[in-house]
Amino acid sequence: MNPPAGPKKLLDWVDEVAALTRPDTVQWCDGTTEEYDRLMQLMVDDGIAIRLNGKKRPNSFLFRSSPSDVARVEKRTYIASRTKEAAGPTNNWIDPDQLKETMKGLYDGCMRGRTMYVIPFSMGPVGSNIAKIGIEITDSPYVVVNMHIMTRVGQKVLDVLARDEEFIPTLHSVGKPLAEGEADNGQWPCAPIEEKYISHFPEERMIWSYGSGYGGNALLGKKCLALRIASVAARDEGWLAEHMLILGITNPEGVKKYVAAAFPSACGKTNLAMLVPTVPGWKVETVGDDIAWMKFGQDGRLYAINPEAGFFGVAPGTSMDSNPNAMKSVERDSIFTNVALTDDGDIWWEEIGYDAPGKLIDWHGNEWDAATADKPAAHPNARFTAPAASCPAMAPEWEDPAGVPISAILFGGRRPGTIPLVHQARNWNHGVFMGSIVGSEITSAALDLKAGTIRRDPFAMLPFCGYNMGEYFQHWIKLGQKADQSKLPEIFFVNWFRKTADGKWLWPGYGENSRVLKWVFERCIGEGEATDSPIGWMPAQGAIGRPEGVSEQDMAELLAVDREGWLREIKSVREEHYPKFGDKLPAELSAELNTLEQRLNQS
Ligand code: GTP
Ligand code: SPV
Ligand code: MN
């Protein structure tokens, strides 16, 4: 694609970046299949990509990242607002001028020997008034092909820009300039950890990323734009940018409702969004699996769109049993990163549903034999990138620029104890309280955190809120106050991850979660039997059907109020969680905490 005629602001910025980073050439991306194919071939020729067996996995490719570049890096992620207070207690902050100084030093000449790609992309349907336009400059062709799938790329975006010059500039480099005659030689390029920066300048609505080529660090439309920067815009403009899946659920009578759900990373959003119900006659359809932008409509209801166009999903654990719709989404036209390779040119990962067929090449590129291996063949945070349109469960309306009206919001996380399978908030503020105390058990997987501990992850937004989390709580409270109370979504707290004393799952999860969704649906239309409890509304006995293999005793445990556990929870929120927010903590939330304690003590 030739450089466009304008807007000038964009052309100037591209020139300025090229002068600083000094690439060999500059290429404007047009989002076409031809461009995708050409870049894939280039990466295959460079030994960075492996073309999978076209008979098994048509038009699909495998990439292996550097072992030092396998996930988001929270400790290198910065919210560089003017003041530290604006970033708040939960974000890493550096003074923006100082950070720019450091990063300009790193960017200086960083694209030497490489091509600089300019990607015009839209988060949300192109031209929709809820959509936002970004430009990503990157020296990674891997980023370009992933952005093709995850966002809407190309000329039509520039056409919109020609009418309205507003765009979010995002700059990315893998941070590995090439000397004269040097090549990557099949090695995934990235910079050492202490040179990685995933930086956000919220007041300027600008993103600078350096040193990592992986996922949310590098595909800047996703976490950086659609959550960290969008959350700031949402606060200023009165809407919500959330780490939530969106699904449609239809009952046997054909009535359809929409549910949004916030669970921390690797806690089941993609799986719930694509769920195949075990309850006969019910249907679930996918609108989005990771991010929701929600605005109140003229009719006073909250409408959600999925700003993305694809899935960047966790591969291990995905099987025809656990998530058949994801498996069908990756049958073709997909990118796989850090999974294992079979000797017939297909992919494999742990718990894919069948044994590794003989010897594999693991995600490091080494031979791997199931009989002798002591490490997994796929990295626990190995991912697939697949077009949303490939998913058989997509709701026909998933790209509707008007969005879908949300009837229920769920919060959840991995909690082996205390939090029951489901309970419902008494009102909006109680629901905001539930969101504010979300926590999750750290599994060994993706992030560089201590396994086995519970980390508070309010609204599943801890790594993704672009401003002070205390103000974010206030924003949620305020939106509820301004809204028509009768039209606000009902709020629920769910937990698929209860364990027995010996560490087994109490609840089978996956498709069986439809039993909980059914109760949620029924509660939204004033049916669904519930009993009042100290922690909120709970399903009446028998209101949630018991899956095969779950004993009556287990069911009772899943739906009990664990008084001692909740009193410990209150103590931890009061002493370790809420104090972080100081005077930014809304009084409404402390009041909810006190009410909960009183109700438990009276019970
Ligand atoms: P991100 O893409 O990181 O935001 O993750 P996510 O929230 O979309 O999580 P995903 O659906 O990919 O699931 C993460 C892991 O949790 C996978 O290993 C799943 O197999 C597992 N999982 C998902 N749903 C359930 C469930 O209902 N029960 C149990 N036990 N595990 C689940
Ligand atoms: C998450 O960590 O929540 C993800 C993966 O969805 S990434 O896009 O890498 O952030
Ligand atoms: Mn996510």
Side-chain angles (χ1 to χ4, degrees), residues 65 69-74 77 143 146-147 150-151 198 209 212-228 242-245 247 261-276 278 286 288-292 306 308 310-319 321-323 325-327 329 337-338 349-353 376 378-386 410 412-416 421 438 440-441 443-447 449 457 460-464 494-499 503-517 547:
S65 79
D69 199 25
V70 293
R72 286 184 295 105
V73 277
E74 293 187 8
T77 300
V143 165
N146 275 275
M147 289 293 282
M150 295 305 297
T151 73
I198 323 299
S209 168
S212 166
Y214 205 89
N217 300 333
L219 312 177
L220 302 184
K222 195 174 176 61
K223 305 300 175 165
C224 299
L225 192 161
L227 288 177
R228 298 196 191 96
E242 300 298 328
H243 191 202
M244 291 182 181
L245 68 94
L247 62 82
F263 309 154
S265 300
C267 289
K269 287 182 300 302
T270 301
N271 276 272
L272 190 69
M274 298 181 186
L275 168 146
V276 180
T278 53
T286 315
D289 84 319
D290 199 45
I291 301 178
N306 169 15
E308 302 191 277
F311 309 118
F312 185 64
V314 179
T318 309
S319 69
D321 257 352
S322 68
N323 190 347
N325 286 314
M327 290 304 281
S329 307
T337 310
N338 290 344
W349 51 71
E350 276 63 32
E351 291 173 73
I352 195 171
H379 186 277
N381 192 41
R383 298 258 170 177
F384 56 78
T385 319
L410 318 184
R414 285 177 188 264
R415 295 296 307 265
L421 180 63
V438 164
S440 193
E441 187 187 28
T443 57
S444 60
L447 299 166
L449 298 160
D457 188 347
M461 283 289 277
L462 182 76
F464 307 121
V494 300
N495 181 17
W496 320 139
F497 298 95
R498 283 293 288 266
K499 283 184 184 162
K504 296 210 181 68
W505 298 122
L506 261 178
W507 178 251
Y510 302 101
E512 297 290 12
N513 295 336
S514 58
R515 295 174 192 275
V516 174
L517 288 180

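Throughout, residue positions are numbered sequentially from 1 according to the sequence presented. The model shown is predicted, which means the values in this text are computed figures rather than measured ones. Computed from heavy atoms alone, side chains included, the values below leave out hydrogens, waters and symmetry copies. Whatever order the structure lists them in is the order used to number ligands and atoms, beginning at 1.
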- Query: Under 6.0 Å from the six-membered ring centre of F263 and within 45° of its axis: does the NZ or CZ of K269 meet both?
  - Reply: no
Treating [X] as the side-chain partner and [Y] as the backbone partner, does any N or O pair qualify as donor plus acceptor under 3.5 Å?
X    : Y    : value
S209 : I198 : no
R383 : F312 : yes
W507 : R498 : no
E350 : A378 : yes
N217 : A71  : yes
T286 : A273 : yes
D457 : M461 : yes
N338 : H379 : no

Contacting atoms of ligand 1, where contact means under 4.0 angstrom from a heavy atom of [X]:
X    : result
W496 : 27 (O)
D290 : 4 (O)
P316 : 18 (O)
W505 : 30 (N)
V314 : 12 (O)

Residue portion contacting ligand 1 (non-hydrogen atoms closer than 4.0 Å) for [X]:
X    : answer
L245 : neither
W507 : neither
L272 : neither
M244 : neither
S322 : neither

Give me the nearest non-hydrogen protein atom to [atom] as residue plus atom name, then the distance to 0.1 Å.
atom                    : result
atom 29 (C) of ligand 1 : F497 CE2, 3.5 Å
atom 10 (O) of ligand 2 : R72 CD, 2.8 Å
atom 8 (O) of ligand 2  : K222 CE, 3.1 Å
atom 11 (O) of ligand 1 : N271 ND2, 2.8 Å
atom 5 (O) of ligand 1  : A266 N, 2.8 Å
atom 9 (O) of ligand 2  : G216 N, 2.9 Å

- Query: Non-hydrogen atoms of R383 versus ligand 2: any pair closer than 4.0 Å?
  - Reply: yes
- Item | Any Y214 heavy atom less than 4.0 Å to ligand 2 | no
- Message: Below 4.0 Å from ligand 1: does a non-hydrogen atom of R383 turn up there or not?
- Response: yes
- Check whether any heavy atom of P264 sits under 4.0 Å from an atom of ligand 1. yes
Do any N/O atoms on [X] end up under 3.5 angstrom from N/O atoms on ligand 1?
X    : result
Y510 : yes
G509 : no
R414 : yes
G268 : yes
C267 : yes

Between the candidates [options], which shows the shortest non-hydrogen contact distance to [atom]?
atom                   : options                : answer
atom 6 (O) of ligand 2 : K223, E308, K269       : K223
atom 6 (P) of ligand 1 : K223, K269, E350, H243 : K269
atom 1 (C) of ligand 2 : C224, A71, S265, A218  : S265

- Report the part of F263 (side chain from C-beta onward, or backbone N, CA, C, O) that has a heavy atom under 4.0 Å from ligand 2; answer both or neither where that applies. neither
- Message: Please classify the N217 to ligand 2 contact at 4.0 Å (heavy-atom distances, strictly less than): side chain, backbone, both or neither.
- Response: neither
Under 3.5 Å, is there a donor-acceptor pair between the [X] and [Y] side chains?
X    : Y    : answer
N146 : T385 : yes
T77  : R228 : no
T278 : E512 : yes

Should [X] and [Y] count as side-chain neighbours, where that means a heavy-atom distance under 4.5 Å?
X    : Y    : answer
M147 : L219 : yes
L220 : V143 : no
L421 : W496 : yes
K499 : E441 : yes

- Which angle, to 10 degrees, forms at the Mn ion (ligand 3) with NE2 of H243 on one side and NZ of K223 on the other? 70°
Ligand 2 atoms in contact with [X] (distance to a heavy atom under 4.0 Å):
X    : answer
D290 : 6 (O)
H243 : 3 (O)
F312 : 8 (O), 9 (O)
G215 : 9 (O)

- Message: Please determine whether side-chain contact (heavy atoms from CB on, under 4.5 Å) holds for the pair T318 and F384, giving the CA-CA distance in whole Å, both sets of side-chain angles, and the decisive distance to 0.1 Å.
- Response: CA-CA 10 Å; T318 309; F384 56 78; 4.1 Å; yes
- Query: Are any N, O or S atoms from F312 nearer to the Mn ion (ligand 3) than 2.8 Å?
  - Reply: no
- Task: Check step by step if side-chain contact (heavy atoms from CB on, under 4.5 Å) holds for R414 and C267.
- Result: CA-CA 6 Å; R414 285 177 188 264; C267 289; 3.8 Å; yes
- Message: What's the separation between atom CG in L462 and atom CD in E74, rounded to the nearest 0.5 Å?
- Response: 6.5 Å
- Query: Checking side-chain contact (heavy atoms from CB on, under 4.5 Å) for the pair L410/L517: CA distance, chi angles, key distance, verdict?
  - Reply: CA-CA 10 Å; L410 318 184; L517 288 180; 4.1 Å; yes
- Message: Looking only at N, O or S atoms in D290, which is nearest to the Mn ion (ligand 3)?
- Response: OD1
- Start with the C-alpha distance between F464 and S265, add both sets of side-chain angles, then the distance that settles side-chain contact (heavy atoms from CB on, under 4.5 Å), and finish with yes or no. CA-CA 11 Å; F464 307 121; S265 300; 3.9 Å; yes
- Message: When you compare ligand 2 with F464, is there at least one nitrogen or oxygen pair between them that comes in under 3.5 angstrom?
- Response: no
